[in-house]
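This report concerns only the one structure given below.
This is a predicted model, so every value here is computed, not measured. By convention in this document, chain letters (A, B, ...) are assigned in the order of the sequence lines, proteins followed by strands, and residues within each chain are numbered from 1.
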Number of protein chains: 2
Amino acid sequence: MVENNELRKAGLKVTLPRVKILQMLDTTEQRHMSAEDVYKALMEAGEDVGLATVYRVLTQFEAAGLVVRHNFDGGHAVFELADTGHHDHMVDVDTGEVIEFTDASIEKRQREIVEEHGFELVDHNLVLYIRQRK
Amino acid sequence: MVENNELRKAGLKVTLPRVKILQMLDTTEQRHMSAEDVYKALMEAGEDVGLATVYRVLTQFEAAGLVVRHNFDGGHAVFELADTGHHDHMVDVDTGEVIEFTDASIEKRQREIVEEHGFELVDHNLVLYIRQRK
DNA sequence: CTCTCTGCAAATTATTTGCAGCTGG
DNA sequence: CCAGCTGCAAATAATTTGCAGAGAG
């Protein structure tokens, strides 16, 4: 299976908790999960993994570039698989729903702005907080 | 003094801790301060204010629109006076330095994107993580 | 076998809240 | 006065860490 190679490439042993967590992120329909979400989902699936392990593994995955961590408003971080390309997020402030998008002109303008200031762009984070138009 | 009016307009009594915190935000050269930063600065200035009060007051100020809360990466929130207009941030990943900027074309494009999806823009958050070009 | 990993519980960090007393209008 | 405020300590919430045993290569 593909997952195992991902783990090996990251220099991580292929262990049960790691495979389960990776599969969970891969198969769930919910692209953005908090550590708690992953933990609960594993519990419900009958997998016996500690919450601390979920945090540790997600952090390792982030370091390995397998997942991306987002700090939306509201205190807790969410993770998503890094398999699709880069994109930004819109968060519906009423429902909490997360929508992904990318916009080339914004990306381009960001690079220009940074260069005008004499820096290089390492990363960026754009979140649009939105609401259904009534 | 101006501060007192700001507070009254917000429906908040003009109390010592509130005035001190507002002045601290106004006079410090560091535009972005965490609750802890404000607390320590007050201690050093010989003011006796509880950390809990700093949190409470900053939250009230945010609700009143006097300050803006930002959730940059790294676990803790920072606050800044809302006296200047809206702007976004660049954070130097090496030094931690924060630079403010605005860009009309990005702002405009954001609104367009949101509308294309049938939403209205409530707020947004853009942080560029940068590094000195070598 | 050995070194990495894991579970559990205890520790930290950031922030919030209950409550009895203080204070501004 | 007296409702709104404050300090302190205790309560939460999210995440991290220490440690002894389990498991991968």
Between protein and nucleic acid, restricted to nucleotides 19-25 of chain D and to nitrogen or oxygen atoms under 3.5 Å apart, what atom pairs and distances do you find?
residue : atom : partner : partner atom : Å
D:dG23  : N2   : A:Lys13 : NZ           : 3.4
D:dA24  : N3   : A:Lys13 : NZ           : 3.4

To the nearest angstrom, the CG-P distance between A:Asp37 and D:dT15 comes to 11 Å
With nearest nucleotides of DNA chain C determined for A:Leu12 and B:Val78 from heavy-atom distances, which residue corresponds to the more 5′ nucleotide? A:Leu12
Of all nucleotides in DNA chain C that come within under 4.0 Å of a heavy atom of chain A, which is furthest toward the 5' end and which toward the 3' end? C:dC3 to C:dA9
In whole Å, what is the span from the CG atom of B:Leu51 to the P atom of D:dA11? 17 Å
All ring-ring contact (aromatic ring centres under 6.0 Å, His included) counterparts of A:His86, not counting sequence neighbours: A:His124
Given atom CZ of B:Arg18 and atom P of D:dG7, what is their separation to the nearest angstrom? 11 Å
Just the rounded figure in Å: distance from C1' of D:dA14 to CG of A:Asn71. 12 Å
For A:Asp83, what residues pass the salt bridge (Lys or Arg N to Asp or Glu O under 4.0 Å) criterion, not counting sequence neighbours? A:Arg31
Partners of A:Ser34 by side chain to side chain donor-acceptor pair (under 3.5 Å), sequence neighbours excluded? A:Asp37
Which part of the nucleic acid, if any, lies within contact of A:Ala35, taking any heavy atom under 4.0 Å across all strands shown: a base, the sugar-phosphate backbone alone, or nothing? nothing
Heavy-atom donor-acceptor pair, A:Thr28 side chain to A:Met24 backbone, under 3.5 Å: no
Working to the nearest 0.5 Å, report the span between NE2 of B:His32 and CZ of B:Phe79. 12.0 Å
Taking five pairs at each end, how big is the angle between the two axes of the helix from C:dC1-D:dG25 to C:dG25-D:dC1, to 10°? 30°
For B:Lys20 and D:dG7, what is the distance between atoms NZ and P respectively, to the nearest whole Å? 13 Å
Could you give the CG-to-P distance, from B:Leu22 to D:dC5, as a whole number of Å? 15 Å
Indicate every side-chain donor-acceptor pair of residues 48-71 of chain A with a distance under 3.5 Å to a residue at least two apart or in another chain.
residue : atom : partner : partner atom : Å
A:Thr59 : OG1  : A:Tyr55 : O            : 2.8
A:Gln60 : OE1  : A:Arg18 : NE           : 3.4
A:Gln60 : OE1  : A:Arg18 : NH2          : 3.2
A:Glu62 : OE1  : A:Arg69 : NE           : 3.1
A:Glu62 : OE1  : A:Arg69 : NH2          : 3.2
A:His70 : NE2  : A:Glu80 : OE2          : 2.6
A:Asn71 : ND2  : B:Asp73 : OD1          : 3.2

Looking at residues at least two apart in the chain, or sitting in another chain, which of them share a side chain to side chain donor-acceptor pair (under 3.5 Å) with B:Glu36? none
Pick the nucleotide of DNA chain D nearest each of A:Ala52 and A:Glu36; which residue has the one closer to the 5' end? A:Glu36
Residues that A:Arg131 engages under side chain to side chain donor-acceptor pair (under 3.5 Å), provided they are two or more places apart: A:Asp94
Phosphate contact (D:dT16 OP1 or OP2) by A:Tyr55 side-chain N/O below 4.0 Å: no
For B:Glu112, give me all partners under salt bridge (Lys or Arg N to Asp or Glu O under 4.0 Å), at least two apart in sequence or on another chain. B:Lys108, B:Arg109
If the condition is side chain to side chain donor-acceptor pair (under 3.5 Å), which residues does B:His117 pass it with, not counting sequence neighbours? none
Report the residues that fulfil salt bridge (Lys or Arg N to Asp or Glu O under 4.0 Å) with A:Glu115, sequence neighbours left out, ordered by chain and then residue number. none
